[in-house]
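Below is one structure, written out as structure tokens; the observations come after it.
Note that this is a predicted model, so its numbers are computed, not measured. As the structure lists them, so they are numbered: ligands from 1, and atoms in each ligand from 1.
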Amino acid sequence: MRITFCCTDTNAEPWLMGLRQALPQAQVELWVEGAAPADYAVVWAPPQRFVDEQTQLKAIFNIGAGVDALMKLQLPAGVPVVRLDDAGMSVQMAEYVCHEVIRHFREFDLYSAAAEAGQWSYRKPRRRDDFPVGVMGLGVLGQRVARALQSFEFAVHGWSRSPKSVPGVRTYAGPEGFLDFLRASRFLVCLLPLTPQTQGIMNHASLSQLQPGGYVINVARGAHLVDADLLALLDSGPLAGATLDVFRTEPLPADHPFWAHPRIHITPHTSARTLRDHSIAQIAGKIGQLADGVALASIAGVVDLPMGY
Ligand code: NDP
Ligand code: OXD
């Protein structure tokens, strides 16, 4: 069995070593132009040339949860794409989102500023009920985040494409449920895949529907957000702040207004990192299953190509 590895912006060597250890029967090689055809590919944002050349693939494994970079390519018909299914990311995402929700709700930035000024000053406690959280996307990561927020007794609302039942979460689905979902939310957490339907979904019209003092947390993809609309709503008043982990251009350009905005918190696409060991174990397990003839339908993380996620 041959496995080809083609991951942009990734230190290949430890992945190659890990895959070789996990699949000793396989020949695992870094892709170079003109390489021999492989049975399986392990990729992150490969070039079109890669898929054009690798014509005998039985499956493509993406070393991330989001497949938007792959969906921009002309993929060969009939070759399944398998994305990471959690692989240690959901707990990181839960930590990150809870941290940001609690930091804002408890006004910890103001306490830090007071401490820096040597002031011992109390703030009036805010009512948790006034800070309902809306989670857009109730998949692997969204549901984990919703569960974590519930443990801090926040009211959690969730929105997905198809109707979902998630214990303790008030759920909404499809375009018809979107307005009610937004109106029920003060925090808005984006955990949607980037598809033609979700591109630019956080814009002036949608963000204006959040409850007063709305707070945006984007941990999905930069293109979900219309940057200028967020800035306008922060500066004109209805939105209180935003935490952004993902951007239309990454790294975020030095002259982007987000950097200097006093109510925008920025992290460098780090809310849930791909954990190499977890990911290799998951991918190797699935390659083993496919090689043993296990049906694709029973493998978690197979992408619905027409849906784009
Ligand atoms: P899933 O595929 O498990 O979940 C996606 C959810 O979004 C599903 O609930 C789905 O609905 C919903 N959805 C999709 N399209 C629509 C739509 N048009 N309208 C409403 N809801 C929609 O993905 P994950 O939870 O694993 O990951 C989500 C995203 O998080 C990834 O695509 C990636 O971009 C991002 N990510 C970011 C990371 C970071 O470090 N910042 C790390 C990892 C992932 P339904 O349930 O009906 O299918
Ligand atoms: C992912 C990411 O999609 O890290 O996994 O953004």
Which segment of Lys164 sits under 4.0 Å of ligand 1 when only heavy atoms are counted:
side chain

Does an N or O anywhere in Gly66 fall below 3.5 Å from an N or O of ligand 2?
yes

At a 4.0 Å threshold, what atoms of ligand 1 neighbour a non-hydrogen atom of Ser271?
39 (C), 40 (O), 41 (N)

Ligand 1 versus Val246, non-hydrogen atoms closer than 4.0 Å: side chain, backbone, both, neither?
side chain

Among Arg161, His224, Met93, the residue with a heavy atom nearest to atom 38 (C) of ligand 1 is Met93

Considering heavy atoms of the protein only, find what lies nearest to atom 37 (C) of ligand 1 and give residue, atom and distance to 0.1 Å.
Val219 O, 3.1 Å

Under 4.0 Å from any heavy atom of Met89, which atoms of ligand 2 are there?
5 (O)

Of all protein heavy atoms, the one nearest atom 47 (O) of ligand 1 is Ser162 OG, 2.4 Å

N/O of Leu194 under 3.5 Å from N/O of ligand 1, yes or no?
no

Looking only at distance, does Leu138 have an N or O less than 3.5 Å from an N or O of ligand 1?
yes

What residue and heavy atom of the protein are closest to atom 25 (O) of ligand 1, and at what distance?
Leu141 N, 2.9 Å

Among all protein non-hydrogen atoms, which one is nearest to atom 1 (C) of ligand 2, and what is the separation to 0.1 Å?
Ala65 N, 3.4 Å

Can you tell me the protein heavy atom closest to atom 29 (C) of ligand 1 and the distance?
Leu192 O, 3.7 Å

May I ask you to check if ligand 2 and His269 share an N or O to N or O distance below 3.5 Å?
yes

Answer yes or no on whether Arg103 is positioned over the face of Phe108, meaning its NZ or CZ is under 6.0 Å from the six-membered ring centre and within 45° of the axis.
no

Does Arg221, backbone or side chain, put an N or O under 3.5 Å from an N or O of ligand 2?
yes

Worked check of salt bridge (charged side-chain N to carboxylate O under 4.0 Å, His left out) between Arg127 and Asp130:
CA-CA 5 Å; Arg127 291 181 63 245; Asp130 291 339; 2.9 Å; yes

Can an N or O of Gln197 be found at a distance shorter than 3.5 Å from an N or O of ligand 1?
no

Charged N to carboxylate O below 4.0 Å: is that the case for Arg144 and Glu95?
no

Should Thr195 be counted as touching ligand 1, given the test is an N or O pair under 3.5 Å?
no

Considering only the protein, which heavy-atom contact is closest to atom 1 (P) of ligand 1, and what is its distance?
Arg83 NH2, 3.4 Å

Shortest protein heavy-atom distance from atom 19 (N) of ligand 1, along with the residue and atom involved:
Trp159 CH2, 3.3 Å

Ala272 N/O under 3.5 Å from ligand 1 N/O
yes

Any carboxylate oxygen within less than 4.0 angstrom of a Lys/Arg side-chain nitrogen, looking at Glu29 and Arg2?
no

Out of Pro193, Gly139, Gly177, whose heavy atom is nearest to atom 7 (O) of ligand 1?
Pro193

Among Tyr309, Phe178, Phe181, which one has a heavy atom closest to atom 48 (O) of ligand 1?
Tyr309

